[in-house]
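Structure, as structure tokens:
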Amino acid sequence: MAYRRTENVVRRLNARHDAIVEAARDVAAAGGMAAVQIVPVAERAGVAAGTVYRYFPGKIDLVGALVETVAERELEAVRKAAGAAPGPMSALVAAIATLGARALRNRRLAWAVIAEPVDTEVDVVRQRYRKALASEIEARIKAGIDGGHLPEQDASLAASALVGALLEGLIGPLAPDGIDDPPRARDAVQALTLFALRGLGVIDARARGLVVQAVLPEAGAR
């Protein structure tokens, strides 16, 4: 008779898998993607290195799981914020502001899973996340165009440009020092959201009103 794992065994295995990925997340948040190595992740998770290898045969597998987990969490936050907004333009603002605010909460982790220079294999995994972020913004831009709130434009190109502006302006090497200090972080997110709306063709007074009304994620949200 073939061995069948019980539900309790499956739960324990899944819990250990998740604990290892969360440990990788903590390591990346502290030291960047280059710090995500099997031994330090195992130590952080409280397991042997061999245990990590049973779940993730190589570093690229672990990094892939880390990026996928963070991506799912961030994309869900963006969708939830946009979905709670009362209209297409406020949904667009909510998506942009949420993406920016959450990235600033943990700049090193955000940079690690999106754009930190590491190696080609890792970058292939991360490209899917960047494309997914751009697709979310693109959908909100298209809704604004369809509703007559934005001028006709290439929504895909605009979305890619906005994601690039947010990442470089908030978490990239060119981002101002001290920008992750809470008061400055809020100002920076609002400034870049306003920049995005202006670039999309929203009249300044309307853009400012939308930004002021935007609800940013609560502190401590993961």
Side-chain angles (χ1 to χ4, degrees), residues 20-37 40-41 44-45 59 62-82 92-119 121-137 140 159-197 199 211 214-222:
I20 292 170
V21 174
E22 282 300 307
R25 180 189 184 279
D26 292 341
V27 170
M33 193 61 78
V36 180
Q37 305 292 335
V41 169
R44 182 84 183 189
K59 177 183 173 179
L62 178 58
V63 168
L66 165 61
V67 173
E68 184 175 303
T69 298
V70 173
E72 289 176 355
R73 189 174 294 168
E74 297 307 307
L75 288 167
E76 177 58 27
V78 169
R79 291 172 185 141
K80 183 177 179 181
L92 171 62
V93 170
I96 294 172
T98 297
L99 172 60
R102 288 178 63 88
L104 269 184
R105 295 275 169 79
N106 198 327
R107 289 178 64 186
R108 179 165 285 186
L109 177 65
W111 184 246
V113 299
I114 292 178
E116 178 190 338
V118 187
D119 57 52
E121 279 190 302
V122 172
D123 201 46
V124 168
V125 175
R126 296 186 302 192
Q127 282 178 15
R128 293 196 293 268
Y129 179 28
R130 293 198 293 270
K131 288 179 180 177
L133 285 175
S135 293
E136 284 297 320
I137 301 299
R140 307 303 167 184
S160 297
L162 290 185
V163 170
L166 283 169
L167 299 181
E168 195 62 59
L170 295 176
I171 64 173
L174 299 182
D177 293 334
I179 197 174
D180 45 1
D181 178 66
R184 290 197 65 192
R186 183 179 182 84
D187 290 344
V189 169
Q190 290 183 329
L192 275 179
T193 304
L194 181 60
F195 167 82
L197 293 177
V211 170
V215 178
L216 297 183
E218 294 181 3
R222 292 191 65 158

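Only a predicted model underlies this, so the values are computations on that prediction, with no experimental measurement involved.
In this structure, L162 CG and L92 CG are separated by 7.5 Å, a value rounded to the nearest 0.5 Å.
When every heavy atom of I96 is checked against every heavy atom of A196, the shortest pair comes out as CD1-CB, 3.9 Å. Listed here is the closest heavy atom pair of A132 and L75: CB-CD1, 3.7 Å. Across all their heavy atoms, A35 and V27 have their closest contact at O-CG1, 3.2 Å. For A82 against A95, the heavy-atom pair with the smallest separation is CB-CB, 4.3 Å. Residues L170 and R107 approach most closely at O-NE, 3.2 Å, considering heavy atoms. The heavy-atom pair separating A81 from T98 by the smallest distance is CB-OG1, 3.2 Å.
Judged as a salt bridge (Lys or Arg N to Asp or Glu O under 4.0 Å), and not counting sequence neighbours, the contacts of R44 are D26. Every side-chain contact (heavy atoms from CB on, under 4.5 Å) that A45 has, sequence neighbours left out, goes to I20, A23, V47. Residues satisfying the side-chain hydrogen bond (donor to acceptor under 3.5 Å, both in side chains) criterion with Q190, sequence neighbours excluded, are absent altogether. Partners of E136 under the salt bridge (Lys or Arg N to Asp or Glu O under 4.0 Å) rule, at least two apart in sequence or in another chain, are R79, R140. Scanning for side-chain contact (heavy atoms from CB on, under 4.5 Å) contacts around Q37 gives P40, K59, with sequence neighbours left out. In terms of the side-chain contact (heavy atoms from CB on, under 4.5 Å) criterion, S135 has no residue partners (sequence neighbours excluded). The salt bridge (Lys or Arg N to Asp or Glu O under 4.0 Å) check on R126 picks up D123, with sequence neighbours excluded. For the side-chain contact (heavy atoms from CB on, under 4.5 Å) test, residues two or more places apart in sequence or in another chain that qualify with L167 are I114, V163, I171.
Contact check for V67 versus R128: no side-chain heavy atoms found under the 4.5 Å cut-off. No side-chain heavy atom of E76 sits under 4.5 Å from any side-chain heavy atom of E72. Residues L99 and E74 are not in side-chain contact: their nearest non-hydrogen atoms beyond the backbone lie 4.5 Å or more apart.
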Next item on the list: Carefully, step by step, assess E68 and V21 under the rule side-chain contact (heavy atoms from CB on, under 4.5 Å).
Entry: CA-CA 10 Å; E68 184 175 303; V21 174; over 6 Å; no
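Classification of E22 and R73 as a salt-bridged pair holds, one side-chain N sitting under 4.0 Å from a carboxylate O.
Side chain of R108 to backbone of A30: a donor-acceptor contact under 3.5 angstrom is found.
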Would you give me the side-chain donor-acceptor pairs under 3.5 Å for residues 172-188, sequence neighbours excluded?
unit_1 : atom_1 : unit_2 : atom_2 : d
R184   : NH1    : D177   : O      : 2.6

